[in-house]
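Here's the structure, in structure tokens; my notes come after.
By convention in this document, chain letters (A, B, ...) are assigned in the order of the sequence lines, proteins followed by strands, and residues within each chain are numbered from 1. Because the structure is a prediction, the values reported are computed rather than measured.
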There are 2 protein chains.
Amino acid sequence: MESVLTEAVALLDEAGPSALTFRALAQRLGGGVASIYWYVASKDELLDRATDHVIGMVLADIEALPEQDDPIDALRAMALTLFDAIVERPWLGSYFMRNTDLQNNSLRLWEKLGQQSLRMNLTPRQRFHAVSAVTGVVVGSAVDLGQEPPAEVLDGAVSRDEFLGRFVATWRELDPAEFPFVHEIADEFEGHDDVDQFRSALDLTLAGLRLQAGG
Amino acid sequence: MESVLTEAVALLDEAGPSALTFRALAQRLGGGVASIYWYVASKDELLDRATDHVIGMVLADIEALPEQDDPIDALRAMALTLFDAIVERPWLGSYFMRNTDLQNNSLRLWEKLGQQSLRMNLTPRQRFHAVSAVTGVVVGSAVDLGQEPPAEVLDGAVSRDEFLGRFVATWRELDPAEFPFVHEIADEFEGHDDVDQFRSALDLTLAGLRLQAGG
DNA sequence: ACCTGAACACCGTTCAAGT
DNA sequence: ACCTGAACACCGTTCAAGT
């Protein structure tokens, strides 16, 4: 079982979700395709268990984080730890928290976030919504990353900057009167950093949360 | 072409992304599978064009929105309009803004959001991040909806409340000392409203944004 | 310019059978 | 308890050929 999950994660890491097939996995394990069904009832379950397997490591990182006086600072540190893991493994974003029955570590991670909300002056409903908002920011930012980049970028035939540059190039050809915003941020988009973008979105949510909790 | 997209949307609406196959689509159009490739180069392109097709209607709704004095109120109204559309068509969330080259209307919608940021006292980078944050909240909340619910729920054999109730039931069996947050929000989760949840997340982000823009 | 049938190379999943 | 080969019912995509 353990080796099924580690090999599944290895395949996901090496070539993304489309590379994780039962046939490819069976080959790596040196067995037949049907064997995998002894450990796992379906591909969805395989994906959930593989995801939870690595979320277990993220959870350990989060539990190793230094204690924070301020619960909002603690939430920020936890969310950043999670997002860092997703940057390294973009496929995580698509499956995280999909099924808390199978994803025990995801549930525990959610609980850890929630415990910070318990330290704040909020109603139960506000706490529920606050934690949903934080995980929403993570998932929302992660979806961008999860988009499998074209093969040329993975090959290294085309750099990420070049890839972004192509988009910006078509944007710059748009009528500036009709697309003032697109022109305004074209420079920013070129060579933008995903972590920066995430941190900004997170900070906006956390600022709102601090306000709601009364400073 | 037009009918290819409307039938594709119809299939997605009726039974979700897994129901949209070239074979099913060809049958509805009364033709052969290969014909579709005259209009569209791949399934990804079909998905992008189908998505953009309905985003066109959302864009029209957004353009029909009353003018707002406050750009943040305008952002809220636009985001809610978009989210409402995603609630009706959960599959939208997975494909929205995936490829702005093919999704012309998505780009225009992004521009509309961005134009509100131009009315605020922000740097270009802050504007870029603000609009990313808002679409991130939408996408992050939409991913929950996009999860195809089990067939029993779609059939109506099991109500949504019952479905949520099962989750909560397993949660309540967890050790309250180890999972205080899960217990705290169990009641809230039961019968929670997705739109409420989204609106809360959006309001936190917008409150942070208002703070950043200096009131 | 538009459509087709038939094939190709894959998928996830099942099942009777083995050890 | 664990694994297997072989089949089933699908996929997206291609291509030579038709109108």
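Side-chain contact between B:Arg108 and A:Phe179 is present, with at least one heavy-atom pair separated by less than 4.5 Å. The closest side-chain heavy-atom distance from A:Thr100 to B:Trp171 is below 4.5 Å.
Across the protein-nucleic acid pair, B:Lys43 atom NZ and C:dA9 atom C1' stand 17 Å apart, rounded to whole Å. Per the geometry, CD belonging to B:Gln27 stands 11 Å off P belonging to D:dC11, to the nearest Å. The distance from atom CG of B:Leu47 to atom P of D:dT13 is 11 Å, rounded to the nearest whole Å. With rounding to whole Å, A:Trp38 atom CH2 is found 6 Å from D:dA1 atom C1'. For the pair B:Tyr37 OH and D:dG12 C1', the computed distance is 4 Å after rounding to whole Å. A:Met1 places its CE atom 12 Å from the P atom of D:dC2, with the value rounded to the nearest Å.
By the side-chain contact (heavy atoms from CB on, under 4.5 Å) test, B:Glu184 pairs with A:Leu118, A:Pro124, A:Arg127, sequence neighbours left out. Legend: residues meeting salt bridge (Lys or Arg N to Asp or Glu O under 4.0 Å) with A:Glu63, ordered by chain and number and at least two apart, are absent.
By the 4.0 Å N-to-carboxylate-O rule, B:Arg76 lies close enough to B:Asp203 to be salt-bridged with it. The pair A:Asp101-B:Arg166 does not meet the salt-bridge criterion, since no charged nitrogen lies less than 4.0 angstrom from a carboxylate oxygen.
To the nearest 0.5 Å, atoms OG (B:Ser132) and CG (A:Asp196) are separated by 11.0 Å. Atom CH2 of A:Trp91 sits about 8.0 Å away from atom CG of A:Leu47, to the nearest 0.5 Å. Here the CG atom belonging to A:Asp52 is positioned 7.0 Å from the CD1 atom belonging to A:Ile55, to the nearest 0.5 angstrom.
Contact annotation for B:Leu20: backbone-only contact, meaning every heavy-atom pair under 4.0 Å involves sugar-phosphate atoms and none involves a base.
The stretch residues 90-103 of chain A has no heavy atom under 4.0 angstrom from DNA chain C at all.
Contact detail for B:Leu92 and B:Thr51: the closest heavy-atom pair is CD2-CG2, 3.7 Å.
In this structure, A:Tyr39 reaches the D:dC3 phosphate: one of its side-chain N or O atoms is under 4.0 Å from OP1 or OP2.
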Each nucleotide N or O in nucleotides 4-7 of chain C that has a protein N or O under 3.5 Å away: list the pair and distance.
{"unit_1": "C:dT4", "atom_1": "OP2", "unit_2": "B:Gly32", "atom_2": "N", "d": "2.7"}
{"unit_1": "C:dT4", "atom_1": "OP2", "unit_2": "B:Ser35", "atom_2": "OG", "d": "2.6"}

N/O to N/O distances under 3.5 Å, protein versus nucleotides 17-19 of chain C:
none

Practice task
Go through the steps to decide whether B:Gln103 and B:Leu109 satisfy the test side chain to side chain contact (heavy atoms under 4.5 Å, CB included), and finish with yes or no.
Solution key: CA-CA 10 Å; B:Gln103 294 191 22; B:Leu109 199 157; over 6 Å; no
Practice task
State the dot-bracket string of DNA chain D. Criteria: Watson-Crick or G-U wobble, both atom distances under 3.5 angstrom; notation: ( ) intrastrand, [ ] crossing earlier pairs, | interstrand, . unpaired.
Solution key: ||.|||||...|||||.||
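Between B:Tyr37 and B:Phe22, the ring centre distance stays below 6.0 Å.
Between B:Phe163 and B:Phe167, the angle of the ring planes goes over 60°, which puts this pair in the perpendicular group of the 30/60° scheme.
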